[in-house]
Amino acid sequence: MPELPEVETVVRDLRAHGLENSVIRDVQVRWARTVSGCSPARLASRLRGRKIDSLSRRGKYIILSFDDGRHLQIHLRMTGKFRFAVRDEVPGKHDHVIITLADGRRLFFNDTRKFGRFRLVDSAEEGLEALGPEPLDDSFRENLFRRRMEGRTRMIKPLLLDQTLVAGLGNIYVDESLWRAGIHPERCANTLTNIEIRCLYQAIREVLRRAVENCGTTLGTGQANFYSVAGRRGRNADALAVFRRTGLPCPRCAHTIIRVVVGQRGTHLCPSCQK
DNA sequence: AGTCTTGTTCGACT
DNA sequence: CAGTCGAACAAGAC
């Protein structure tokens, strides 16, 4: 599923395809609920003729910034994908938005589960005020992480998933970060020692950095998996220590990885490394 | 055929 | 208010 590294990969791929500085000729919305905040017709009329000045990412959001000062926030949720149509390709069942560029290329937004969302806003951060800091930014320091964790009584896994402490983590990278730091996902945040917080801070950064280097995680072959633009698979699956590795040996201590449910989410951990 | 999965939001609780 | 829990959304995988 697209988490920070996968969304970053998509943004970089779209840039590599020259989306920056291209002009939108038309936007066709085939599943109306993909657009939130305004009608599909209004979205299309506001985007027609606009030049895309830049592409960026905030948490798991892709942000297109236009020459009129507006911004399009796109969330892929679980199965959203972009690809450029080949020649006269006819859109399929799950191609919900088609962005036609002035040069004739067509960018298809494909989303089997229809949870992906497009929202046009007046400032890039509008509606995203609650998002926590970017974990890979230089300004995200151990002290900031520690301060934001102070007084939080929730279990550490749901806390890391909720996007307000730190932005961009999802089920895969939370499980991986907690394993790397040797912390049990059900530990309450306010019981973590300073040393554990430091370990977790470093683990989050290292796990995410490596996943970005590997262009994200693609598990298996189903369409629910992550594919970047042009159907590119991520290479990070081999770097995973625990996620979807139930029954396999822990890479650190060889004990068997188990799967439990924490906060209604499937959770993978090493019972020996994470007490 | 039925269950599970996934990210986020929302409403009803405690 | 802080946090928890379940529902909702949708459809493919198994």
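These numbers come from a predicted model, not from an experiment. In the text below, chain A, chain B and the rest are named by the order of the sequence lines, each starting its count at 1. Atoms considered below: every heavy atom in the structure, side chains included; atoms not considered: hydrogens, waters and symmetry mates.
Rounded to whole Å, atom P of C/dG6 lies 18 Å from atom CG of A/Asp162. Atom-to-atom, CZ of A/Arg113 to C1' of B/dT8 comes out at 14 Å; the value is rounded to the nearest Å. Rounded to a whole Å, the NZ atom of A/Lys157 is 9 Å from the P atom of B/dG7. Atom-to-atom, CG of A/Leu161 to P of C/dG3 comes out at 15 Å; the value is rounded to the nearest Å.
Contacts of A/Phe226 with the nucleic acid, taken as non-hydrogen atoms under 4.0 Å apart, are absent. Using a 4.0 Å heavy-atom criterion, one finds that A/Arg154 contacts the sugar-phosphate atoms exclusively. Heavy atoms of A/Arg117 sit nowhere under 4.0 angstrom from any nucleic acid atom. Residue-level contact check: A/Asn171 touches the backbone only, with heavy atoms under 4.0 Å from sugar-phosphate atoms and none from bases. Note on A/Thr153: only backbone sugar-phosphate atoms sit closer than 4.0 angstrom, heavy atoms only; bases stay farther off.
Of the nucleotides present, none pairs with B/dA1 by Watson-Crick or G-U wobble criteria with both distances under 3.5 Å.
Evaluated for a side-chain contact (heavy atoms from CB on, under 4.5 Å) with A/Leu107, the options A/Ile99, A/Leu101, A/Val27, A/Ile98 yield exactly one hit, A/Ile99.
With 3.5 Å as the limit, one finds a donor-acceptor pair spanning the side chains of A/Arg233 and A/Tyr227.
Residues A/Glu89 and A/Arg83 are paired through a salt bridge, judged by an N-O separation under 4.0 Å between the basic side chain and the carboxylate.
Proximity note for A/Arg152 (side chain, C-beta onward) versus C/dG3, C/dG12, C/dA10: the nearest is C/dG3. Here C/dA10 is the nucleotide among C/dG12, C/dA10, B/dT9 with the atom lying nearest to any side-chain atom of A/Arg33. For A/Tyr61, counting side-chain heavy atoms from C-beta on, the closest listed nucleotide (C/dG12, C/dA10, B/dT9) is B/dT9. For A/Phe115, the listed nucleotide lying nearest its side chain is C/dC9; candidates were C/dA11, C/dC9, C/dG12.
Across every non-hydrogen atom of A/Lys157 and A/Val174, the tightest pair is CG-CG1, 3.8 Å.
At B/dT8, none of the side-chain N or O atoms of A/Lys114 fall inside 4.0 Å of OP1 or OP2 (strictly under the cut-off).
For A/Phe140 and A/Tyr201, the ring centers are positioned less than 6.0 Å apart.
Nearer to the 5' terminus of DNA chain C, by closest-nucleotide assignment, is the contact made by A/Gly151 (compared with the other of A/Gln264 and A/Gly151).
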